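Reading through the structure tokens given below for one structure.
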Amino acid sequence: MNDLLQKDLGSTLLSVAVLLGWIGLVFTSLRIILLSIKKILEKVSNLSSK
């Protein structure tokens with residue numbers, strides 16, 4: 001019984017780690033995209049103000 005619980009705990013922890021990794025990748029890519037959009041908008045506004 002203990003062996004079964006340990007395997008279930010291990011697989012649960014692995015699933016949580018994978019899920020957190022995917023969430024981290026999504027937030028990182030969203031941040032990169034938003035920063036790129038911000039820089040593009042700043043350049044466009046600088047060009048239009050000249």
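What you are looking at is a predicted structure, and each value in this text was computed from that prediction instead of being measured.
- The NZ atom of K43 sits 13.5 Å away from the NZ atom of K38 when rounded to the nearest 0.5 Å.
- Atom CG of L25 sits about 11.0 Å away from atom CG of L30, to the nearest 0.5 Å.
- Rounding to the nearest 0.5 angstrom, the gap separating the CD1 atom in I40 from the OG atom in S45 is 12.0 Å.
- The distance from the CG atom of L19 to the CG atom of L14 is 11.0 Å, given to the nearest 0.5 Å.
- Going from atom OG1 of T28 over to atom CD1 of I32 covers 6.5 Å, rounded to the nearest 0.5 Å.
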